[in-house]
Structures are given as C-alpha cells and as structure tokens.
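In what follows, a structure is listed as structure tokens, so that the remarks can point back to it.
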Amino acid sequence: MTTLHFPPGFQWGTATASYQIEGAISEGGRGVSIWDTFTHQPGRVMGGTNGDTACDHYHRYPEDVALMADLGMQTYRFSVAWSRIFPFGRGAVSLEGLAFYERLIDELLAKGIQPALTLYHWDLPQALQDIGGWANRETVDAFAEYAAFLYEKLGDRVSRWITLNEPLIFTMYGHRLGVMAPGQKDLRITARAVHHAMLAHGRAVRAFRESGVAGEIGITNANSSFEPDDDSAETAAAVELARDFETRLFHGPVFGRGYPASVLKFYAERGAPFPIETGDMDIIAEPTDFLGVNLYSRQLIRPGGPTGFTSAPPRLPLLPMGYEAAPHSLGDFVRWVSKEYGNPVIYITENGVCDNAEPGPDGTIDDATRMELTRGFLAGLHGAIQDGADVRAYYMWSLMDNFEWAFGFTKRFGIVFTDFESGRRIPKASAGMYAATARANALEV
Ligand code: NOJ
C-alpha cells in the first residue's frame, strides 16, 4: 500500500448541475428552459424521461448538503438555472428563484462547504431560444446582465464562479449534431453559437471585475486526452487537429491566442463563418483566475473525415457511456494543458465514472469499477501535480445519480445512489472511499 499525499490546502468536492438534479420545474416562478422543451419532445431522451422531478433537490437540498458534510466535502460545484432568476432570460426577475439559491448557499456555508457557482450549465431560458438562442448576439447581452445580477446578489457569499460549462458539448451536440437541446443540426448556427458563447464568457468575466466582488472566475471546458492510434506523422498531425477542433477552439481565445486557423477555415469554407466583430477577441481574452477542467476519458485518433481527424476503434474496456476506461487520461491531459497554456491554476471541475451498480441484497452498493478507476484518475492527477501542474481542487461528478441528459436516468455517475422512485439517497462504497481520501488529503493505492 502506498499513500499519495496531495498538496496542503488541496480541496475536495462534488459537482452537480441544475437541470440534472433540481426538478420542481414549475415552482418558484421558474421559466421554461430549452431542456424542458427538448425532453418533452418524443424520441429525444432514452426511456422518454425528463428532469421534471429528477433528484427533487429543489426540495431536498438540506439533506443533500448534510450528505456532503457527512462525507467531509470542502467545496460544492452547482449551477444556477438561469430561468429561475430571469424566467424569460432577461427583464423580469423572480426573487423566489433567487431565494432558493440563497438558501442553498447559506446551508453550504453553515456546514463549512465552499460554494462554486456555475452560471451556465446548458439550461438556456426558452424565451432566448425563441429569438435564436446562442446564434443571436442578444443572448450575449442577456448573459452578461444575468451574471452581473448574480454577482450583486450572491457575491458576498460566493467567491468561486464558473462562467460556462463545456461550451464544446452544448454548441456541438446541441447545434451541429442535434442530440442535445435545442436539437439543431446546422453548421452556420454552430459557428455563431460557439463565438457568442465564448463572447458571453468574456463579457461575464468583465462584468465580474467591474462588480468589485472579491473572488475568482474561470471557464470549464470539456476535454479528452487525445492519443495517436499509431506512430505515423500523419496520425500525429491528426491528433493536433483534434486538439484544434475540440480543445484549442475553447482554450485558445481565453488565453489570448484566438481560434485555431484550421477551425476558422473549416467553417468559413462551408459558408459558416464565425461572426467576429472588432474587439470581440479582446473581450474573450479577459484574464481569468483559473481553468476548469472536465475530463472523463481519452480518445484514440487517426486521420480521416472532413476535419482531418477521426476516432479510432477503442482498445480499452468500455464504460456504459461508450467511452474507454482510461484512468491515465486525467494526469496526461493535465500535464498537456499545463504546458500548453503556461501553467494556469487548475480546478478539476468534473471527473468521474459511469458505473451502474445497483443495491445488492443487503442494500449496499459496491461500485467497484468507480472505485478502481477513481483511484487511477487520482493517482494520475497526483503524478501531474508532482510534475508541477498547479491543480488546487478536485470535484467528483457527481454527488448523486442524476438526469444524464439524452441518456435520461440510464447512466449513473453518483457516489450516492438515487432511487428515482422514492427519492431516497444511499451512499455507495465509493462515497466512503472518496470521503476517506478527502479527509486524509491523501489517496491509498
Ligand atoms: C459533463 C457534463 O458537464 C455533465 O453535465 C455530465 O453529466 C457529465 N459530463 C457526465 O457525462
């Protein structure tokens, strides 16, 4: 047995998102979001389910915060449902919606858990979608107003802010592939959505600085560790293209390097230019305080397809989500991203394992795959920190099983089991393991 010690002050937490856990979609003056609309369209979600009730966290939040405290969690990443605050995206405010988050935050602080607030985790107010959503530049203004409102109301209690969650996923899956809300398949709209989302990020960072709130702000991107399928120079070039289209597209402009030329060319050649106006890139490059890293796996890459890169057949065992069990990917990616962008402060804002283990005859849940892979992810992360990466926090996705978007309730990511019928929460074996790691600030491997 070896003990891997994390740096003093390293924080341990869990992460969730509004639509995936809250339920209570018609309470507290909440407006309709694009995920309400999408999930109620036939054929969009596995099993035809939706987030109408989800984990009923809106009502059960005291129990959920108590659970986190029992597990020794030091920080909690959650998102605010924009349409709980501005039911129509901008204009009229719902103070009842705001009050829910005030109660949640107060409960967290009372238990010594630091809130980390994500402003946008995919649930755009439907009223904004009705005028074009992220394809419309007006959504950028609406987002900046919403962000400024929350800084003013919650900035005295929240010091860690995340602008956007995974712009790669909500722009590509929502606007190009059509498998997530708003369910569009249009390259022109995709290019506009990408640029406006990144501009909204920059505007929210600017508004944060102007608000004078004491705290830190950053963006959370979706990542894979890209690996070549063979040793050829062509494959190495394809890996770089994969990084351009999926990683540098969202990191580059934040770190002042603009969008990759390869990506701009691809979209422009297909009649889908990025709608960049003078000054936009400076706004997006407004300096941030940390980089949020979400990572679940690696992707093996080979040349091919219209973009010049494509996925090679997986070689490692697959998890229920369809991607490889590749625990080395977290350390690998953190090393890469630290080097690429000059060693930024990093928070692992999401990492976790899909393991659909159910309660056994004695009622306990032995999620052995989650435990084994978590140990691997954390050991890899520890190695990257030893090598100099400035990682200061780790958030496990997720606190509890929840609504996994187009997969509905068929994929379980929680360290706490959610019985979606009764709403009952049961900590899994992994919760005990994770709690012990957090308490010791060290991993036993
Ligand atoms: C990333 C997303 O941010 C989150 O909403 C999702 O549930 C997890 N990955 C797991 O797929």
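Atoms within a ligand are numbered from 1 in the order they appear, just like the ligands themselves. In what follows, residues are counted from 1 in the order of the sequence shown.
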For ligand 1, run through the N/O pairs with the protein that fall under 3.5 Å and put one pair on each line.
{"from": "ligand 1", "atom 1": "3 (O)", "to": "H121", "atom 2": "NE2", "distance (Å)": "3.1"}
{"from": "ligand 1", "atom 1": "3 (O)", "to": "N165", "atom 2": "ND2", "distance (Å)": "2.8"}
{"from": "ligand 1", "atom 1": "3 (O)", "to": "E350", "atom 2": "OE1", "distance (Å)": "3.2"}
{"from": "ligand 1", "atom 1": "3 (O)", "to": "E350", "atom 2": "OE2", "distance (Å)": "2.7"}
{"from": "ligand 1", "atom 1": "5 (O)", "to": "Q20", "atom 2": "OE1", "distance (Å)": "2.7"}
{"from": "ligand 1", "atom 1": "5 (O)", "to": "H121", "atom 2": "NE2", "distance (Å)": "2.9"}
{"from": "ligand 1", "atom 1": "5 (O)", "to": "W405", "atom 2": "NE1", "distance (Å)": "2.8"}
{"from": "ligand 1", "atom 1": "7 (O)", "to": "Q20", "atom 2": "NE2", "distance (Å)": "2.9"}
{"from": "ligand 1", "atom 1": "7 (O)", "to": "W397", "atom 2": "NE1", "distance (Å)": "3.3"}
{"from": "ligand 1", "atom 1": "7 (O)", "to": "E404", "atom 2": "OE1", "distance (Å)": "2.6"}
{"from": "ligand 1", "atom 1": "9 (N)", "to": "Y296", "atom 2": "OH", "distance (Å)": "3.4"}
{"from": "ligand 1", "atom 1": "9 (N)", "to": "E350", "atom 2": "OE1", "distance (Å)": "3.1"}
{"from": "ligand 1", "atom 1": "11 (O)", "to": "E404", "atom 2": "OE2", "distance (Å)": "2.6"}

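Partners of E166 by side chain to side chain donor-acceptor pair (under 3.5 Å), not counting sequence neighbours, listed by chain and number: N294. The side chain to side chain donor-acceptor pair (under 3.5 Å) search around W336 returns none, not counting sequence neighbours. Applying the side chain to side chain donor-acceptor pair (under 3.5 Å) test to S329 and every residue at least two apart in sequence or in another chain returns nothing.
Between F290 and Y347, the two ring planes are tilted [angle within 30° to 60°].
In summary, D106 and R103 do not engage in a salt bridge, as defined by a charged side-chain N under 4.0 Å from a carboxylate O. Between D289 and R160, no side-chain nitrogen of the basic residue sits less than 4.0 Å from a carboxylate oxygen of the acidic one, so the salt-bridge criterion is not met.
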